Amino acid sequence: MKYGLMKVAAAIPSIRVADVEFNVQQIESLIVQAEGKGVELIVFPELSITGYTCQDLFSQQLLLDKAEESLLVLLDFTRKLNIISVVGLPVRVGALLYNCAVVIQQGSILGVIPKTHLPNYNEFYEKRWFASAADLIPQDIYLAGSPIHISNEPIVFRTCDGACFGIEICEDVWAPLPPSNNLALAGADIILNLSATDELNGKHKYLCSLLAQQSARMMCGYVYSSCGFGESTQDVVYGGNALIYENGILLAEADRFSIDPQLRIQQIDIDRLRLERQNNTTFRSAQVGAVARVINTKLVEHREFELIRTINPYPFIPKDEDMIDACEEILNIQTMGLCKRLHHTRCENVVIGISGGLDSTLALLITIRAFDKLGLSRRGITGITMPGFGTTDRTHENAVKLMQSLGITIREINISKSVLQHFEDIGHQVENHDVTYENSQARERTQILMDVANQVGGMVIGTGDLSELALGWCTYNGDHMSMYGVNAGVPKTLVQYLIKYIANQPAFLQERETLIDVIETPISPELTPADADGNIAQKTEDLVGPYELHDFFLYYHLRVGFRPSKIFLLAQHAFGDKYDDDTIKHWLKTFCRRFFNQQFKRSCLPDGPKVGSVSLSPRGDWRMPSDASSALWLKECDEL
């Protein structure tokens with residue numbers, strides 16, 4: 001395990017019912033393939049050595065003897081292999097027979113886990129052959145020539161890298177209280193499930209929902225292997241399911257109803273799961289009283305590391321299949337947040353600075369939705385465009401066209417004269433385009449918005465987004481201030497996405513062309529003069545870096561808590577075809593430096609709604625001292 005990522009596999013071998021020699025050969029073939037691909041942990045289906053559908057043959061001494069002998073063959077085969085393999089086997093303990101998972105590595109049996117919940121309804125009648133783990137009297141037995149202690153106590157296996165896994169078998173996860181609950185609470189990062197689930201109309205969808213919910217509830221990885229082609233189809237059909245989940249997200253799945261053996265490999269992020277649990281106080285409280293015996297696995301040789309996970313470069317952007325529902329939910333959260341603030345303050349007038357840029361456009365659209373929902377006149381929305389030294393015709397025209405089309409009250413107040421007077425008052429040369437030059441304009445605009453709000457008896461709607469807050473790319477006591485910041489929980493990449501979504505709605509057909517042009521306009525505060533052709537000269541992403549990179553950094557830094565070296569690895573994988581390593585390193589260091597240095601701006605933020613899993617509100621998710629040192633993070637960036 002490197003970078004906290006453990007490579008696991010769910011295997012579906014071809015089998016012949018009761019042909020243990022053939023079955024072990026098929027298992028060995030998949031183990032070799034997995035070992036060659038650097039897999040650390042592989043799980044096979046329930047009763048994979050004999051086949052699940054042996055029925056009354058499980059009472060035959062010959063089958064049970066040969067199954068145990070075949071396990072011995074498998075142990076010898078794995079003697080020089082590092083991979084941990086988990087196979088299904090009927091195990092005799094005294095006069096009883098148990099449906100078990102056997103954990104093997106380097107020719108040794110590490111543990112035997114008996115099945116707890118035996119289905120004995122509808123097409124299932126396991127109690128005819130097997131006893132439940134609940135009936136087991138703990139004792140020492142010999143299995144395949146090895147002395148083994150077998151009991152019904154919960155067991156967590158810990159690898160030499162510190163990853164922990166537990167095991168349950170098929171019906172166990174369908175039970176009201178699955179064994180995996182206690183295993184995960186006792187420290188298992190990953191749950192393995194050896195299964196034999198038959199296919200029924202609608203059952204697969206329910207199974208996927210069940211596994212997704214269990215992995216999410218227990219904040220664990222879940223690796224599920226269920227038997228397929230070769231099992232008896234006398235009364236039911238086994239389609240073959242290899243499913244790998246991580247905290248509710250499907251990472252890999254097999255092709256059902258395949259005749260060929262299948263091997264599904266994926267990496268589970270142990271670091272991320274543990275950070276999720278660490279931050280979740282409910283999970284921590286539930287851990288009280290959860291215990292399990294820990295069995296350490298064998299030491300293994302160094303494995304070459306390769307990242308095989310798919311890394312989404314835009315973690316804040318909804319997936320295509322979820323796009324409509326996700327966008328509507330985000331917009332409704334923003335809208336309802338503002339509705340409540342307007343209702344509480346009995347306010348029917350608001351003031352927004354409209355620049356023709358992304359953030360003010362989204363803020364205006366949200367305000368329109370809120371006023372319409374409350375039945376208020378859009379004329380109560382005063383949009384103010386405040387051209388200054390850097391304002392271009394493109395952004396000014398888009399701002400005006402948008403306000404006109406949406407039917408709000410429009411005001412235009414040029415700030416040039418007042419800012420020049422301010423420069424004269426403080427003795428600043430207008431030719432000096434430094435931070436004073438820029439911030440004086442931002443603060444003048446905020447003063448205008450606040451004073452006009454007083455005039456109309458309203459409130460100022462903030463437009464700044466989550467990405468700007470993370471980087472501190474806002475003027476303290478300038479655009480940093482408002483009475484309610486509707487975009488405070490929305491990162492820049494999502495702002496663009498939401499505007500595009502709104503532009504494609506029939507209700508905004510008239511505004512569509514303007515909205516699309518707003519999206520395509522270079523991001524800029526327009527605080528320095530335009531170029532000779534009247535185009536935007538000051539481009540934000542040239543100064544602080546690409547927002548798509550910063551949003552990626554923000555997600556993994558804040559939402560997950562990864563260190564810079566791991567964020568860099570993931571960014572390489574996500575953006576390798578767009579940015580070289582030096583570029584990613586440069587902007588990652590910029591992010592770390594600015595994130596720490598600008599905390600003081602976030603410590604006094606106006607109210608605003610949280611819309612996703614990341615928030616920088618000092619009253620909500622993020623509480624950080626304004627003078628915390630960034631030394632550790634910057635040092636690691638330098639060492640990349």
Side-chain angles (χ1 to χ4, degrees), residues 8 10 41 43-48 52 84 86-91 93 96-103 109-121 124 126-127 130-138 148-159 163-197 206-207 209-226 241 243-248 268 273 277 283 286-295 297:
V8 300
L41 177 62
V43 60
F44 289 87
E46 185 176 10
L47 295 168
S48 45
Y52 177 77
I84 302 167
V86 185
V87 298
L89 180 76
V91 175
V93 181
L96 300 178
L97 186 66
Y98 292 87
N99 178 346
C100 293
V102 181
V103 183
I109 298 175
L110 302 181
V112 177
I113 309 297
K115 186 173 183 177
T116 300
H117 299 286
L118 304 179
N120 220 63
Y121 54 86
F124 298 105
E126 284 188 31
K127 289 184 179 180
F130 300 108
S132 165
D135 303 323
L136 179 62
I137 298 173
I148 297 296
H149 181 76
I150 186 168
S151 71
N152 54 16
E153 66 181 323
I155 295 176
V156 169
F157 296 86
R158 182 170 55 207
T159 72
C164 295
F165 66 91
I167 298 169
E168 60 188 3
I169 303 175
C170 199
E171 182 78 5
D172 288 345
V173 74
W174 299 74
L177 292 174
S180 53
N181 286 12
N182 183 76
L183 292 170
L185 292 171
D189 306 296
I190 298 172
I191 301 297
L192 308 181
N193 188 313
L194 300 80
S195 185
T197 299
Y206 182 83
L207 170 67
S209 173
L210 180 69
L211 299 183
Q213 289 184 42
Q214 186 65 359
S215 71
R217 183 180 297 109
M218 304 317 299
M219 299 180 194
C220 67
Y222 204 101
V223 187
Y224 180 92
S225 174
S226 180
N241 284 287
L243 298 161
I244 302 176
Y245 286 87
E246 179 185 288
N247 199 13
I268 290 179
L273 294 171
R277 291 175 175 183
F283 187 90
Q287 286 183 298
V288 176
V291 294
R293 180 161 66 97
V294 176
I295 295 178
T297 65

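Just so we're clear, the structure is a prediction, and the values are computed from it rather than from any experiment. Counting begins at 1 with the first residue of the sequence.
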Nearest non-hydrogen partners of His117 and Glu171, listed with the distance: O-CB, 3.3 Å
Out of curiosity, Asn241 CG to Thr197 OG1, how far, rounded to the nearest 0.5 Å? 6.5 Å
ring-ring contact (aromatic ring centres under 6.0 Å, His included): pairs with one or both residues in residues 163-191, sequence neighbours excluded: Phe157-Phe165, Trp174-Tyr206
Donor-acceptor pair, distance only, cut-off 3.5 Å: does the side chain of Asn182 make one with the backbone of Val291? yes
Nearest atoms (heavy-atom pairs only) where Ala188 meets Gly166: CB-N, 3.7 Å
Determine yes or no for a side-chain-to-main-chain donor-acceptor pair under 3.5 angstrom, with Asn120 supplying the side chain and Glu126 the backbone. yes
For residues Ser226 and Pro45, determine if any side-chain heavy atom of one lies less than 4.5 Å from a side-chain heavy atom of the other. no
Could you check whether any side-chain N or O of Ser215 sits under 3.5 Å from a backbone N or O of Gly248, counting only pairs where one atom can act as donor and the other as acceptor? yes
Would you call Leu207 and Leu243 a side-chain contact if the rule is heavy atoms closer than 4.5 Å? yes
Side chains of Ile244 and Val8, heavy atoms from C-beta outward: is any pair under 4.5 Å? yes
Assess whether side-chain contact (heavy atoms from CB on, under 4.5 Å) is satisfied between Leu41 and Thr159, documenting all intermediate values. CA-CA 10 Å; Leu41 177 62; Thr159 72; over 6 Å; no
For Val43 against Asn193, the heavy-atom pair lying closest together: CG2-O, 4.3 Å
Would you call Val103 and Ile295 a side-chain contact if the rule is heavy atoms closer than 4.5 Å? no
Side-chain donor/acceptor of Asn152 to backbone N/O of Ala133, under 3.5 Å: yes
Please determine which of Gln214, Gln213, Glu168 meets the side chain to side chain donor-acceptor pair (under 3.5 Å) test together with Tyr222. Glu168
Minimum-distance pair of heavy atoms, taken over all atoms of Ile169 and Ile113: CD1-O, 3.5 Å
So CD1 of Ile137 and CG of Leu96: to nearest 0.5 Å the spacing works out to 8.0 Å
Rounded to the nearest 0.5 Å, what separates atom OH in Tyr224 from atom CG in Leu211? 6.5 Å
For Leu183 and Ile155, work out which heavy atoms get closest and say how close. CD2-O, 3.3 Å
Measuring from Ile167:CD1 to Ser180:OG, what's the distance to the nearest 0.5 Å? 12.0 Å
So, taking the atom named CG in Leu177 and the one named CG in Asp172, what distance separates them when rounded to the nearest 0.5 Å? 11.5 Å
Contact check, side chains of Lys115 and Cys170, non-hydrogen atoms, under 4.5 Å: yes
Tyr245 side, atom OH; Ile191 side, atom CD1 - distance, nearest 0.5 Å: 15.5 Å
Donor-acceptor under 3.5 Å (Arg277 side chain, Met219 main chain): yes
Applying side-chain contact (heavy atoms from CB on, under 4.5 Å) to Leu185 and Met218, what does each step give before you reach the verdict? CA-CA 7 Å; Leu185 292 171; Met218 304 317 299; 3.7 Å; yes
Cys164 and Gly187: which non-hydrogen atoms are nearest, and at how many Å? CB-O, 3.4 Å
